[in-house]
Amino acid sequence: ADRSKVEIEREEIAPHGKRMTHKVKKTVHRVQLLDPATGTGTFIAESIRQIFEKFKGNEGMWPGYVESDLLPRLNGFELLMASYTMAHIKIDMALRETGATPSGKERFRVFLTDSLSDWHKELPGGLFASALAPEQQGADEVKRDTPVMVVMGNPPYSGISQNNGEWISKLVDDYKVEPGGKVKLQERKHWLNDDYVKFIRLAEHYVEKNGEGIVAYITPHGFLDNPTFRGMRWHLMQTFDEIWSLNLHGNSKKKEVAPDGGKDECVFNIMQGVAITLFVKKGGVAAKNAKSAKVYYADL
């Protein structure tokens, strides 16, 4: 139930849509959560339920806390209109289940946007400008200014990614190196352009920018041992202080079997094997003195 706030500087966009050079100060909640692939809002809705559990015995404080201290820190990005709409409905239902009725003064901070793009320098134009402008401005505020401390979710998987924007592609180039970061990866065939890799890099970007935080993702497990992902693993180990990974296996292509000889099935109805991974970046001097992350790994 952390209520602490921090002061940030942000750049403003003028009414004519051009980027202004001066900066203004704004106070925001220190602990900010982002699901960059929100889908129908499952993770944010569950976060609300988990936080509500901390108010058992003090339920009377909950509605006020929701309005002033919870909604301002729950952020989500979604690209598809149908999922975006369902996310708003699911979050509303989760709040009402806990006894909090949204007043409407504070909108749910789930925005219709492309997570893998940088913030926009100009406001949108065209036929739907008036409808899209609030979505873009809200998403840009998170991308540009919000000190995101927790990034979580189940990002999309696609080996042949269509998300090839310049901004995210440049970030992922940091993974296409040999450990040490000085020599480019020599293999021409790799899966480092998979969407889930881009979302890991995106989350790393936000936490690194904030200086501390946690990434909690369910993703394909290929990045854990694929030889061409060695530069990615090295880069993640330089950014974070601890990496906790639970390899759930279930890759039908590898035809693995469970330790007892039984069938190895994925927890989802997909051919990919998956892993749950927590990436932890600590603030302070001790973290800065660490040379590389401590890695904790387990199989299930």
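If you run side-chain contact (heavy atoms from CB on, under 4.5 Å) between F43 and each of N154, L74, T38, only N154 comes through. Remark: of the listed residues V274, D299, D264, V274 is the sole one forming a side-chain contact (heavy atoms from CB on, under 4.5 Å) with L248. Tested against Y175, the residues R201, E204, K198 include a single side-chain hydrogen bond (donor to acceptor under 3.5 Å, both in side chains) partner, E204.
Across every non-hydrogen atom of I48 and W62, the tightest pair is O-CH2, 3.9 Å.
For the atom pair CG (L236) and OG (S245), the distance works out to 10.5 Å, reported to the nearest 0.5 Å. One distance of note links CD of Q136 with CZ of F111; it measures 12.0 Å at 0.5 Å rounding. The line from CG of L112 to CE of M81 is 5.0 Å long, rounded to the nearest 0.5 Å. To the nearest 0.5 Å, atom CG of residue L246 and atom OG1 of residue T277 are 8.5 Å apart. Separation of atoms NE2 (H205) and CD1 (I168) is listed at 8.5 Å; rounding is to 0.5 Å. Distance check, rounded to the nearest 0.5 Å: OG of S115 to OH of Y206 gives 7.0 Å.
Transitive grouping of hydrophobic side chains (ILVMFWY, heavy atoms separated by less than 4.5 Å) brings L224 and L192 into a common cluster. Connection of M237 to F279 is established within a shared hydrophobic cluster, with ILVMFWY side chains joined at heavy-atom distances below 4.5 Å, either directly or through further cluster members. Both F55 and I44 belong to a common hydrophobic cluster when Ile, Leu, Val, Met, Phe, Trp and Tyr are linked at side-chain heavy-atom distances under 4.5 angstrom. Note on L185 and W191: same hydrophobic cluster, where clusters join Ile, Leu, Val, Met, Phe, Trp and Tyr whose side-chain heavy atoms are under 4.5 Å apart, directly or indirectly. Note on I200 and L79: separate hydrophobic clusters, where clusters join Ile, Leu, Val, Met, Phe, Trp and Tyr whose side-chain heavy atoms are under 4.5 Å apart, directly or indirectly.
In this structure, the side chains of V280 and F240 stay at 4.5 Å or more apart for every pair of heavy atoms.
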Give the table of side-chain donor-acceptor pairs shorter than 3.5 Å for residues 253-261, with sequence neighbours excluded, one pair per line with atom names and distance.
unit_1, atom_1, unit_2, atom_2, d
E256, OE1, H249, ND1, 3.1
D260, OD1, G262, N, 2.8

Could you list the donor-acceptor pairs under 3.5 angstrom formed by side chains in residues 214-222, with sequence neighbours left out?
unit_1, atom_1, unit_2, atom_2, d
Y217, OH, F199, O, 3.0
H221, ND1, N247, OD1, 2.9
H221, NE2, N251, ND2, 3.4

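Judged by the 6.0 Å and 45° rule, K143 forms a cation-pi pair with F77.
The closest donor-acceptor contact from the side chain of T146 to the backbone of E141 lies under 3.5 Å. The backbone N or O of L80 sits nowhere less than 3.5 Å from a side-chain atom of S83 that would complete a donor-acceptor pair. Using a distance-only test at 3.5 Å, with no hydrogens or angles considered, no donor-acceptor pair links the side chain of T228 to the main chain of H190. With hydrogens and angles disregarded, no donor-acceptor distance shorter than 3.5 Å links the side chain of R73 to the backbone of R30. Under the 3.5 Å distance criterion, the side-chain polar atoms of D195 are left unmatched by any main-chain donor or acceptor of P156.
Look at K90 and E97 and you find no salt bridge, because none of the NZ, NE, NH1 or NH2 atoms lies under 4.0 Å from a carboxylate O. Residues R230 and E187 are paired through a salt bridge, judged by an N-O separation under 4.0 Å between the basic side chain and the carboxylate. Between E242 and K281, none of the side-chain N atoms (NZ, or NE/NH1/NH2) sits under 4.0 Å from a carboxylate O, so this pair counts as no salt bridge. Residues K56 and E53 are paired through a salt bridge, judged by an N-O separation under 4.0 Å between the basic side chain and the carboxylate.
Ring geometry, Y296 versus W244: the interplanar angle falls under 30°, so the pair is classed parallel (tilted spans 30 to 60°). The aromatic rings of Y196 and Y157 lie perpendicular to each other, with more than 60° between the two planes, well past the 30° mark.
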Exercise for review: Give the intermediate values and the outcome of side chain to side chain contact (heavy atoms under 4.5 Å, CB included) for residues L71 and R109.
Suggested key: CA-CA 7 Å; L71 294 183; R109 293 175 58 80; over 6 Å; no

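Residue I89 is found in a hydrophobic cluster whose other members, listed by chain and number, are M86, M93; membership requires side-chain heavy atoms under 4.5 Å apart, directly or through intermediates.
For E67 and S103, the side-chain atoms include at least one donor-acceptor pair closer than 3.5 Å. For the residue pair Q50 / E46, a side-chain donor-acceptor distance below 3.5 Å is found, with atom types taken as modelled.
A 6.0 Å sphere centred on NZ of K170 holds no more than 12 heavy atoms belonging to other residues, nucleotides or ligands.
Ring-centre distance between F223 and F229: not below the 6.0 Å cut-off.
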